[in-house]
Amino acid sequence: MAENIEIQEEDNEEEEGDDKIYGNAETTAQQKHPRKIRSVRRLYRLVGMGLGLLCGVQALLNIGLRLSLYSEWTEEKNNLVHHLDHVQSRYDILTEQKDQCGLNLDHLQSRYNKLIEHDDIKRTLCESHGFTFAGDVCYYIATVEVDWRTWEQSRQYCRDKQSDLIIINSKEKQDFVNTVVKRNQWIWLGLTDTDEEGVWKWVDGTPLTTPTYWLPGEPSNAGEEDCAVFHNGEWNDKSCFEPMCWICERVY
Ligand SMILES: [Ca+2]
Ligand SMILES: [Ca+2]
């Protein structure tokens, strides 16, 4: 027993000895290398400050970049708005000019209509286009027999002269044609039943009504005759493909 107590006392003495050794190690190191430790601490502080500075610079760069982009976008938006205003302004001006042209055109048409109410004006217009003015109607009398044409070709000739094949819807016009057409001449009229057999219509779309001047027994549609012709004061239906003379009528 006494021996054990002596051994424990020896161990305690040894542990107390170790604490003294390790507890004094740092103090000893500080005492031995004070400059080195201060340098390391200073280095840590400098590294920390550097990292903070870098973060700050990056934040400033981000803000600067965003401000730059916003500035460019704002300038582009302002340019677009300015351009849009300009286009709208031009559109308004053109719309106003269009409306003004419409008014001017209506005014001119009205004046033209009043002018051509006078027969002498009509006659002048008619004759200036190579037509003949008679009974308030303007005619182009194509009775040159060497230039016979089919019904469709004759009509196209009239259309090229801003007219159409003659419409005889009154006794006065029938009498006029009688006076200008020679005996035995065949003259195309603007009358056809091409759309529906037996239903005769003038080229302006109006149906055939009285008075009519068909030769007795006509229209016969003999061998498919769909176009009307004037011959010796009477009407007959003939094949539209036969060559004939024709008369154009121009309406003012
Ligand atoms: Ca027929
Ligand atoms: Ca016939």
Side-chain angles (χ1 to χ4, degrees), residues 109 112-113 116-252:
Q109 184 68 50
Y112 174 80
N113 291 341
I116 64 169
E117 285 175 359
H118 302 282
D119 280 354
D120 55 340
I121 299 291
K122 274 188 184 178
R123 180 185 298 279
T124 301
L125 284 171
C126 185
E127 292 177 352
S128 70
H129 290 97
F131 281 56
T132 299
F133 187 73
D136 203 34
V137 180
C138 193
Y139 300 103
Y140 185 89
I141 304 162
T143 54
V144 181
E145 298 182 10
V146 293
D147 193 24
W148 294 352
R149 301 186 183 199
T150 66
W151 187 87
E152 197 60 52
Q153 289 171 339
S154 301
R155 189 179 186 197
Q156 188 58 50
Y157 182 94
C158 295
R159 284 179 161 179
D160 291 342
K161 290 181 173 293
Q162 289 76 53
S163 59
D164 211 331
L165 286 171
I166 187 172
I167 294 173
I168 299 180
N169 52 5
S170 68
K171 186 175 186 303
E172 289 74 22
K173 290 175 84 171
Q174 168 73 9
D175 291 343
F176 169 78
V177 175
N178 243 333
T179 61
V180 296
V181 173
K182 296 175 186 173
R183 183 96 186 144
N184 290 326
Q185 269 190 328
W186 298 84
I187 304 291
W188 283 127
L189 303 178
L191 182 63
T192 178
D193 71 341
T194 302
D195 290 344
E196 186 178 354
E197 178 56 39
V199 179
W200 289 87
K201 287 192 296 186
W202 295 105
V203 286
D204 66 352
T206 56
L208 175 63
T209 56
T210 54
T212 62
Y213 302 93
W214 293 111
L215 183 71
E218 302 295 342
S220 61
N221 197 43
E224 193 171 354
E225 297 174 317
D226 294 337
C227 293
V229 67
F230 183 99
H231 180 248
N232 291 339
E234 294 175 306
W235 301 353
N236 198 341
D237 57 343
K238 288 286 185 181
S239 166
C240 300
F241 301 102
E242 290 188 32
M244 308 275 185
C245 299
W246 67 95
I247 293 178
C248 305
E249 177 182 351
R250 183 166 178 155
V251 179
Y252 289 105

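Both counts, for ligands and for their atoms, begin at 1 and track the order of listing. Treat the numbers as computed from the prediction; the structure is a model and nothing was measured. Heavy-atom basis, side chains included; hydrogens, waters and symmetry copies ignored.
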Participant: Among Gln174, Gln185, Met244, exactly one meets side-chain contact (heavy atoms from CB on, under 4.5 Å) together with Phe230. Which residue is that?
Facilitator: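 Only match with Phe230 under side-chain contact (heavy atoms from CB on, under 4.5 Å): Gln174.
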Participant: Restricting to N, O or S, what is the name of the atom of Asp193 that lies nearest the Ca ion (ligand 1)?
Facilitator: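 Considering only N, O and S atoms, Asp193 comes nearest to the Ca ion (ligand 1) through OD2.
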Participant: Could you go step by step and tell me if Thr192 and Val203 meet the side-chain contact (heavy atoms from CB on, under 4.5 Å) rule?
Facilitator: CA-CA 8 Å; Thr192 178; Val203 286; 5.5 Å; no
Participant: With a 4.0 Å cut-off on N to O distance, would you call Lys173 and Asp175 a salt bridge?
Facilitator: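 No.
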Participant: Is the Tyr157 to Tyr140 ring centre distance short of 6.0 Å?
Facilitator: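 Centroid separation for Tyr157 and Tyr140: below 6.0 Å.
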Participant: Using the test ring pair (Phe, Tyr, Trp, His ring centres under 6.0 Å), find all partners of Trp235 that sit at least two apart in sequence or belong to another chain.
Facilitator: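 Checked Trp235 against ring pair (Phe, Tyr, Trp, His ring centres under 6.0 Å); matches are Trp202, Tyr213, Trp214.
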Participant: More than 12 foreign heavy atoms under 6.0 Å from NZ of Lys201: is that the case here?
Facilitator: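 Incorrect, the count does not exceed 12.
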Participant: Could you pull out the N/O/S protein atoms under 3.0 Å of the Ca ion (ligand 2), ignoring any water?
Facilitator: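 Checking every protein N, O and S atom gives Glu218 OE1, Ser220 OG, Glu225 OE1, Asn236 OD1, Asp237 O, Asp237 OD1.
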Participant: Below 30° counts as parallel, above 60° as perpendicular, anything between as tilted: where do the rings of Trp186 and His231 land?
Facilitator: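 Rings of Trp186 and His231: parallel, as their planes differ by under 30°.
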Participant: I need the OE2(Glu197)-the Ca ion (ligand 1)-OD1(Asp226) angle, rounded to 10 degrees.
Facilitator: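 The OE2/OD1 angle about the Ca ion (ligand 1) sits at 130°.
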